[in-house]
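Just so we're clear, the structure is a prediction, and the values are computed from it rather than from any experiment. These numbers come from the heavy atoms of this one structure, side chains and all, not from hydrogens, waters or symmetry mates.
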Amino acid sequence: MISGEPERRSVIKASLAVPLVWQAAPAWSAVAEGAMFGPERLYSDIKAYADAGNKRSGGPGDRWTADWMAQRLRDAGFIVERQTFDAPWFEADICELGLGDLKIPLVPQPPVSLTDVGGLRAPLRLAEFPGSLDGSIAVVRLPYGRWSSLLDRAVREPIVDVAARGAAAIIVVTNGPTGEALLLNAPADRPIVDRPVALLAPKKAAVVIEAARYAREASFALSGNGGLRAAENVIGRRERVGQKKWIVVSTPRSGWTDCAGERGPGIAIWLALAAWAPHAFPHHKLMFVANSGHEYENLGAAHLVRESGPQPSDTDFWLHLGANAATRDWHEIPGRLLPLPGADSHRFLLTSADLVDRARAIFAGQPGIEMAYPSSEGAAGELSAIVNAGYPRHAGVFGAHRQHHAASDDMSTITPAPLAATARGFRDLLSSAISTPR
């Protein structure tokens, strides 16, 4: 791959949104707390985030979002710094399967291994049948699920298996609620196998699966440019003379798609808390963090905890706002999703043991997060890095909504009322965590 940075993405939509959004952050004295955590303000912030476009680490949408969130922190009185690290990028020139006269679009799975110039021709074969796959294009069909990571055993093991059986290239059908190809979080340092891997949307897979049953010959090409580029964690601090204890609030900022539902609610709640917390906690130092590198298995969070976080012994509480913090629920019927007004229950709230009962009371009646769990039962995502680093008092939300990692993760995934209820809940949990005797 060729190092450098692509110039083809447009940030016109994002640049048009900048003046409107930055003017929408009035001073505390002009905004009642109810409005700050109200549905209109929260929805508006998610809309601004979504309008910035694709959020891959270090790309135009991610950079715009970093600048926007940094400015909002400055407006709230924080001193802002950037923590820079390298993240992979890739721009495909071609990624498709040729089957007779058909050209079937595929999605390259980063980190990317390319085909030779001109691609390859080989028989298609289904991975679930035993035996040699020497020189073939293996088709791996994942079971139905809300897929998120290449490191999930149900994803990783069949891919590694077909590579070991000699497949020249691998196509993964990511069966899930939307019928779209779902990009998968991956380690930043290397591909999971040394073969080209591409994703196929389930709604386009029938003809490929049928061809693979009979080992029909197909062509497969994956080419493009990529390398490493700078990505940034945005870190805002408010330090107070004589105060030693920190409150930390973090949220991921990056992702494979526009990420309206995956990232937007957590970011909107984070922005509201950043404006509110300096007045609510005058006797604490505050640190608000927006991490990039999430889609590369929490790359930015690892840098943050390792290099820039306060000492666990100096931290009263760390709140992490991860994926699907408050995203729309849907009815699933064959071939369609029908929108519901409530929040998707596939979201998990984990806290340190001392806060489990209090969190359950605060979020009573809110789908999924009404049943808080102790983090000792197993955290996930960026919350894992926080727990493993030894921060003793913490809470975090994470999950996967139905459009998780899909191109259709747009503003249709947002519904304002449960978003506001969730935001108020995290405000109250933060207040309770700091006031709880220990």
Side-chain angles (χ1 to χ4, degrees), residues 1-6 54-59 62 85-97 104-120 122 124-125 127 133-142 145 147-174 181-201 208 218-231 254-257 292-303 381 405:
M1 292 190 290
I2 301 171
S3 295
E5 184 159 353
N54 184 277
K55 304 304 187 314
R56 296 194 188 199
S57 297
D62 181 42
F85 55 93
D86 287 334
W89 67 270
F90 180 77
E91 289 284 345
D93 292 328
I94 185 170
C95 187
E96 67 180 18
L97 184 74
I104 301 165
L106 304 173
V107 177
Q109 171 59 54
V112 175
S113 294
L114 305 179
T115 60
D116 292 335
V117 176
L120 61 90
L124 288 163
R125 297 188 186 276
L133 294 170
D134 282 350
S136 68
I137 303 169
V139 179
V140 173
R141 294 190 287 177
L142 299 182
W147 300 107
S148 177
S149 174
L150 272 176
L151 298 186
D152 187 319
R153 287 183 60 187
V155 180
R156 182 185 73 251
E157 290 183 355
I159 293 174
V160 172
D161 172 68
V162 297
R165 287 194 281 147
I170 303 165
I171 295 173
V172 182
V173 183
T174 54
L182 305 178
L183 278 151
L184 301 165
N185 290 354
D189 55 345
R190 65 192 181 283
I192 193 169
V193 293
D194 60 350
R195 318 291 158 85
V197 178
L199 309 170
L200 173 59
V208 177
S219 62
F220 176 46
L222 200 174
S223 65
N225 294 298
L228 295 174
R229 64 186 174 194
S254 66
W256 296 120
T257 70
S292 189
H294 177 84
E295 67 274 31
Y296 290 102
E297 290 298 338
N298 314 312
L299 182 61
H303 280 278
H405 291 196

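- Closest approach of P108 and A92 over heavy atoms only: CG-CB, 4.0 Å.
- In this structure, NE2 on H303 lies 8.0 Å from CG on D86, to the nearest 0.5 angstrom.
- Annotation for Q109 and L199: closest pair OE1-CD1, 3.4 Å, computed over non-hydrogen atoms.
- Ring pair W256/Y296 is perpendicular by interplanar angle, where above 60° counts as perpendicular and below 30° as parallel.
- Expressed to the nearest 0.5 Å, how far CD1 of I170 lies from CG of L133 amounts to 9.0 Å.
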- Task: Any chance you could lay out the side-chain contact (heavy atoms from CB on, under 4.5 Å) test for N185 and S148, step after step, and finish with the verdict?
- Result: CA-CA 6 Å; N185 290 354; S148 177; 4.2 Å; yes
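- For CG of D116, the number of neighbouring non-hydrogen atoms (other residues, nucleotides, ligands) closer than 6.0 Å is 12 at most.
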- Begin from the C-alpha positions of R56 and E91 and carry the test side-chain contact (heavy atoms from CB on, under 4.5 Å) through to its verdict. CA-CA 11 Å; R56 296 194 188 199; E91 289 284 345; over 6 Å; no
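- A donor-acceptor pair under 3.5 Å links the side-chain atoms of S254 to the main chain of H294, judged by distance alone.
- Between atom SG of residue C95 and atom CG of residue L200 there is a gap of 10.0 Å, rounded to the nearest 0.5 Å.
- The line from OG1 of T257 to CG of N54 is 7.0 Å long, rounded to the nearest 0.5 Å.
- Panel note: side chain R156, backbone L151; a donor-acceptor pair is recorded below 3.5 Å.
- At least one side-chain heavy atom of S292 sits less than 4.5 Å from a side-chain heavy atom of F85.
- For the pair D93 and N225, the minimum side-chain heavy-atom distance is below 4.5 Å.
- A distance-only check finds a donor-acceptor pair linking the side chain of H405 to the backbone of L183 [under 3.5 Å].
- Within the 4.5 Å cutoff, no side-chain heavy atoms of V117 are placed close to those of S223.
- To the nearest 0.5 Å, atoms CG (L150) and CG (L184) are separated by 5.0 Å.
- R195 places a side-chain N or O within 3.5 Å of a backbone atom of A167 that can act as its donor or acceptor partner.
- Of the possible polar contacts, one joining the R229 side chain to the S57 backbone as a donor-acceptor pair under 3.5 Å is found.
- Shortest non-hydrogen contact noted between K55 and E295 is O-OE2, 4.3 Å.
- Note that the CG atom of L114 and the CD1 atom of I94 stand 12.0 Å from one another [nearest 0.5 Å].
- Of all the heavy atoms in V162 and A127, the pair that sits closest is CG1-CB, 3.3 Å.
- The heavy-atom pair separating A181 from T174 by the smallest distance is CA-OG1, 3.5 Å.
- L124 is listed as a side-chain neighbour of L97, based on a closest heavy-atom distance under 4.5 Å.
- Closest approach of I137 to A218, counting heavy atoms only: CD1-O, 3.9 Å.
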